[in-house]
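These notes concern the structure reproduced below.
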Amino acid sequence: MYVRKCFNKKTGRTQLSIVQGYRDSSGKVKQKIILNLGYLDVLQQQHDDPIKYCEDLARQMTEEYNNAQSPVRLEIDPQKTLDLGADYRHNFGYAVLSAIYHELEIDDFFQNRQRMTQVDFNYNSIFRELIFSRLIAPASKKASYEYAGHFFERADFSLTDVYRSLSFFKSYQSALQLWIHEHIRQNYGRDTSLVYYDVTNYYFEVDIPNEMLRKGVSKEHRPDPIVQMGLFMDTNGIPISYGLFSGNTLDKQTLIPMMGKLQDEYSLGRIIIVADRGMITGDNICQTLSDGNGYILSYSIAGSTKEFKDYVLDEEGYVVRESGFKIKSRLTPREIHVTNVLTGKKQTISVDEKHVVFYSPDYAKRAKAERAEVLQKAKDLIQDPQKYNRSTSYGAAKYVKNIAFNKDTGEIYTDSEKSLELNDALIAEEEKYDGYYAIITSEHEMEDEKILNIYRGLWQIEETFKITKSELETRPVYLKKLEHIQAHFLICFTALVIAKLLEFRMKRKYSVSTILKSLRRCECSLLEQNIYLFDYYDEVLRDIGEEFHIDFSRKYRTLGEIKKVLGEVKKGKP
């Protein structure tokens, strides 16, 4: 609000009033008289400095208006129409994401490096908007740019600027990961004595593969080019670091490069790697031990030796717990095959390991149920093989004897002399081990139950990958330039870290999916006179608001109030 002076030529007098400037629903700037103060000559008789008095009053009324300390009257024209293309909807839930973004000082990271460039746009503004869009409305870079108007920060950059910035982001992908790690360590006391590792892949909607995009073993059994991602995560479920590999890289080939990066750049000290059986190779185990680290890995019973299988089924040594659960362990040497760095040939060495084997009735039921579903598919394949090919028969084909595929088309060969039939011997062999799981570890002194509990934490990293593919819609990817692809995954990684930190701050009362659903619905619409109407509130927003000191229950807020909240979270004082 401000003081307006109106001089009347007829009377020769100046009238003062307090006027409020605002934008109407069409976005046009308008003014409304809030209070008539009277004539200047009369006010001069009442105050030594009438102009200063009026300006002070205008400031006081502005402050009261912004703090909503008094009711506000709105003038609503029921005949008013919307301009073509009008969209006055804004998201406010991202205020919480902004709080964590600035707590990690990502804005400082880019602003410090911006000084070394001569571009006419702000890298931090673009990166911030891409992060918030990835969490609130995940889509392509073009769609994210178009969504920027739904945030209250001004998007003073073009779509061309967005694409130009991707190469800049890629050049700092390692530095930003380390920056975020250090801030999490300082703010949350991150414990990295134990880290979880896993690999997944993301498919691309492109026709021509390149040095990164290659055909490989797709987790989703798709024929598209893929890129492999290895991810380290701490015990709180917060990602530490990631690495990208070409799509034809095997999971087990990613561990040593990723470990090297972690040891060289992050200075974590001794760590224990927790991973699934896809990481088990002699080279990986040898390198882990040579670096002074440890491992807890799941171990395939089906692919093990006869001696190990006999040990699993032997009831001697098992300690039975409640509900039929049982567990046992042993310390024993195991031979592994390691590549000789001089000759390139494999040599056999022995490592002392602790083997932990356990049986769970619940796991046994689940294994039987999952196999029954696949066997039904196998039976259908036997009845009508023309319905299937190499891709669509995945999982079921291993239970079918005499099956063969055309190398070019993937179609199933039909041979009248060798009919398709269930492999009953394989099924019976698998059934013997339903419910049994094995873990191998370098931690000889660690208690069995602790080893098991640590390994069970691996589900968090699997859940994290699901979040990237569902909530963040990391794939499919449509980018083709290698630098743009790498920048895309940096954006997704940063968004993932913020989401997981928010989940951690909420003590995991709500999942990332539930949290983002509520933040996405925390929106408002412009009414009149810079006043916004909020129409959604739930217990998730209530609890988040209590943690971050933001009142999401307010039905009305002025633009000034909204900007004040957004300004406070940037200062680290939400």
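Numbers here are sequence positions counted from 1. Keep in mind that this is a model prediction, so the values were computed, not measured. Every heavy atom of this structure was used, including side-chain atoms; hydrogens, water molecules and symmetry mates were not.
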Checklist entry - Among side-chain atoms of Gln228 and Asn201, is any donor-acceptor pair under 3.5 angstrom? => result yes
Item to check | salt_bridge(Arg270, Glu443) N-O dist < 4.0 Å | outcome: yes
Next on the checklist: Before you tell me yes or no, could you show the steps for Ser193 and Asp191 under side chain to side chain donor-acceptor pair (under 3.5 Å), namely the whole-Å CA-CA distance, both residues' side-chain angles and the distance that decides it to 0.1 Å?
Outcome noted: CA-CA 6 Å; Ser193 60; Asp191 179 9; 2.9 Å; yes
Checklist entry - For the side chain of Asn402 and the backbone of Ser419, is there at least one donor-acceptor N/O pair under 3.5 Å apart? => result yes
Checklist entry - Does the ring centre of Tyr413 sit less than 6.0 Å away from the ring centre of Phe405? => result no
Checklist entry - Taking atom types as modelled, is there a side-chain donor on Thr339 or Asp283 under 3.5 Å from an acceptor on the other? => result yes
Next on the checklist: Aromatic contact between Phe169 and Phe127, with the criterion being ring centroids under 6.0 Å apart: yes or no?
Outcome noted: yes
Checklist entry - If you look at every heavy atom in Lys377 and Thr392, which pair is closest and at what distance? => result NZ-O, 2.7 Å
Item to check | Under 3.5 Å side-chain donor-acceptor pair for Tyr388 and Asp380 | outcome: yes
Checklist entry - Side-chain donor-acceptor pair under 3.5 Å between Asp291 and Gln287, yes or no? => result yes
Checklist entry - Can you find a heavy atom in the side chain of Leu289 that is under 4.5 Å from one in the side chain of Ser442? => result yes
Next on the checklist: I want to check something: taking the side chain as every heavy atom from C-beta on, are His181 and Leu268 in contact at a cut-off of under 4.5 Å?
Outcome noted: yes
Item to check | His355: partners by side-chain contact (heavy atoms from CB on, under 4.5 Å), with sequence neighbours left out | outcome: Phe308, Arg330, Thr332, Arg334, Glu353, Ile440
Item to check | Check: Tyr147 ring centroid to Phe151 ring centroid under 6.0 Å | outcome: yes
Next on the checklist: When you measure from the centre of the six-membered ring of Phe132, is the NZ or CZ of Arg134 closer than 6.0 Å and no more than 45° off the axis?
Outcome noted: no
